[in-house]
Amino acid sequence: MASYRIRQYREKDYDAVRTLFARGILEHAPAGYRHILRSARAQLGLLVLFAAVRAAAGYWVLGLAAVALALAATWPVVRSFSTSYVQQALSTDLCDISTSYLRAPDSCFWVAEAGGTVVGMVAVAPPQDPAERGVALELKRMSVSKDYRGRGVSKALCGEVLRFARARGYGAVVLSTSMVQVAAQRLYEGQGFRKVGTFSPSLLGSLLCFQIFHYRCDLPGGTAAP
């Protein structure tokens, strides 16, 4: 028997939901940093920097120091992707969750509760992409506490969204996730989602080889909503 239950969001969950979301996003920053440093573009840039400083100063130690400074400066830049995303979410839809998801049409917000504590969350709403509106719904704000991962919580939350969309006659569910959220990608693919697009969140993201993946799950028997 599951040690948690899925229920609709209540106002008393407000602080717990916002904290869970922020922690879940920020914990991916180190993985993003490692990914960028492994990219050929970043490694080539560091090599060029080392060679240029060594040639100009005549000391390889100064070249290494320049590389170390570049690495240190890159970390806050990479982390800013996560912090800016969290700030944007907390100041928009997660600022007034009930209005954003419980009072809006074709929207909902669920939490997973265990022992009176919120350990997971997910939302669904019409997608921002005008081409998808009326055809698909968007899975958003999925997050599960570290202590409850691997227990089927994410799968259960995802199932709520798929059932919600199917019950309202939608033909698909879409979502976006970052390239470093590998566990999330595996979860979604296991639930029938397929990757249909890739984009960078900004010009800086393009320069740092940071990408967002767009997924889609077509629902059997679903039709376009009126």
Side-chain angles (χ1 to χ4, degrees), residues 2 4-11 13-14 17-18 20-21 24-25 85-86 88-113 118-144 148-149 151-179 181-201 211-226:
Y4 59 87
R5 68 185 182 106
I6 308 295
R7 62 168 175 78
Q8 196 174 95
Y9 168 86
R10 301 170 187 163
E11 288 297 341
D13 305 320
Y14 183 77
V17 161
R18 286 165 57 89
L20 179 63
F21 173 77
I25 295 298
Y85 180 69
V86 168
Q88 186 270 340
L90 295 182
S91 63
T92 54
D93 59 297
L94 294 185
C95 181
D96 189 343
I97 299 170
S98 292
T99 297
S100 299
Y101 294 106
L102 300 186
R103 301 189 188 107
D106 290 334
S107 302
C108 198
F109 199 107
W110 298 270
V111 300
E113 183 183 54
V118 172
V119 299
M121 56 183 276
V122 74
V124 65
Q128 293 185 349
D129 184 356
E132 296 281 15
R133 284 184 172 265
V135 177
L137 290 181
E138 182 177 5
L139 183 153
K140 304 176 64 176
R141 309 311 187 205
M142 170 80 83
S143 187
V144 174
Y148 278 80
R149 292 173 192 168
R151 303 190 188 187
V153 180
S154 296
K155 184 177 179 180
L157 290 168
C158 186
E160 289 290 341
V161 172
L162 296 176
R163 283 190 290 274
F164 182 90
R166 190 180 296 112
R168 281 155 181 76
Y170 283 88
V173 172
V174 297
L175 63 89
S176 296
T177 189
S178 74
M179 62 192 308
Q181 292 175 269
V182 178
Q185 294 166 34
R186 291 172 180 162
L187 164 72
Y188 298 136
E189 290 167 3
Q191 296 302 298
F193 286 83
R194 56 189 174 85
K195 191 188 302 181
V196 295
T198 302
F199 65 94
S200 293
Q211 296 180 319
I212 301 296
F213 295 154
H214 190 62
Y215 278 86
R216 181 185 182 91
C217 178
D218 293 312
L219 303 175
T223 59

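In this chain, residues are counted from 1 in sequence order.
- Within the model, atoms OG of Ser176 and OH of Tyr188 stand 10.0 Å from one another, a figure rounded to the nearest 0.5 Å.
- Across all non-hydrogen atoms, the minimal contact from Ala123 to Val161 is O-CG2, 4.1 Å.
- Between Val17 and Phe109 the shortest side-chain heavy-atom distance falls below 4.5 Å.
- Minimum heavy-atom separation, Lys140 to Ala125: CD-CB, 4.4 Å.
- Applying the side chain to side chain donor-acceptor pair (under 3.5 Å) test to pairs two or more places apart or on separate chains, those with a residue in residues 126-136 are Glu132-Arg216.
- With values rounded to the nearest 0.5 angstrom, Cys217 atom SG is found 9.0 Å from Leu175 atom CG.
- Among residues two or more places apart in sequence or in another chain, the side chain to side chain contact (heavy atoms under 4.5 Å, CB included) test is passed with Thr99 by Asp96, Arg103.
- Note that SG of Cys158 is 10.5 Å distant from CH2 of Trp110, once rounded to the nearest 0.5 Å.
- In this structure, Tyr4 contributes its side chain and Gly152 its backbone to a donor-acceptor pair below 3.5 Å.
- When all heavy atoms are compared, the tightest approach of Phe21 to Ala89 is CE2-CB, 3.5 Å.
- Of the possible polar contacts, one joining the Gln185 side chain to the Met179 backbone as a donor-acceptor pair under 3.5 Å is found.
- Shown here for Ser143 and Gly24, the closest heavy-atom pair between the two residues is OG-CA, 3.9 Å.
- Separation of atoms OH (Tyr170) and CG (Asp106) is listed at 3.5 Å; rounding is to 0.5 Å.
- Applying the side chain to side chain contact (heavy atoms under 4.5 Å, CB included) criterion to Gln181, with sequence neighbours excluded, gives His28, Thr177, Ser178, Ala184.
- Looking at Leu157 and Met121, their side chains never come closer than 4.5 Å, going by heavy atoms from C-beta outward.
- Applying the side-chain hydrogen bond (donor to acceptor under 3.5 Å, both in side chains) test to Asp93 and every residue at least two apart in sequence or in another chain returns Tyr101, Arg141.
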Open item on the list: Applying side-chain contact (heavy atoms from CB on, under 4.5 Å) to Val122 and Leu139, what does each step give before you reach the verdict?
Closed with: CA-CA 7 Å; Val122 74; Leu139 183 153; 3.8 Å; yes

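- Between atom CD of residue Gln8 and atom SG of residue Cys108 there is a gap of 4.0 Å, rounded to the nearest 0.5 Å.
- Here SG of Cys95 is found 6.0 Å from CZ of Arg18. Values are rounded to the nearest 0.5 Å.
- In this structure, the side chain of Ser100 does not engage the main chain of Ser98 through any donor-acceptor pair within 3.5 Å.
- Of the possible donor and acceptor atoms, none in the side chain of Arg166 sits under 3.5 Å from a partner among the backbone N and O of Leu219.
- With sequence neighbours left out, Arg186 forms a side-chain hydrogen bond (donor to acceptor under 3.5 Å, both in side chains) with no residue at all.
- The minimum heavy-atom distance between Val118 and Asp13, with the atom names listed, is CG2-OD1, 3.7 Å.
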For residues 189-198, which side-chain donor-acceptor pairs fall under 3.5 Å, sequence neighbours excluded?
unit_1: Glu189; atom_1: OE2; unit_2: Tyr215; atom_2: OH; d: 2.7
unit_1: Arg194; atom_1: NH2; unit_2: Asp218; atom_2: OD2; d: 3.1

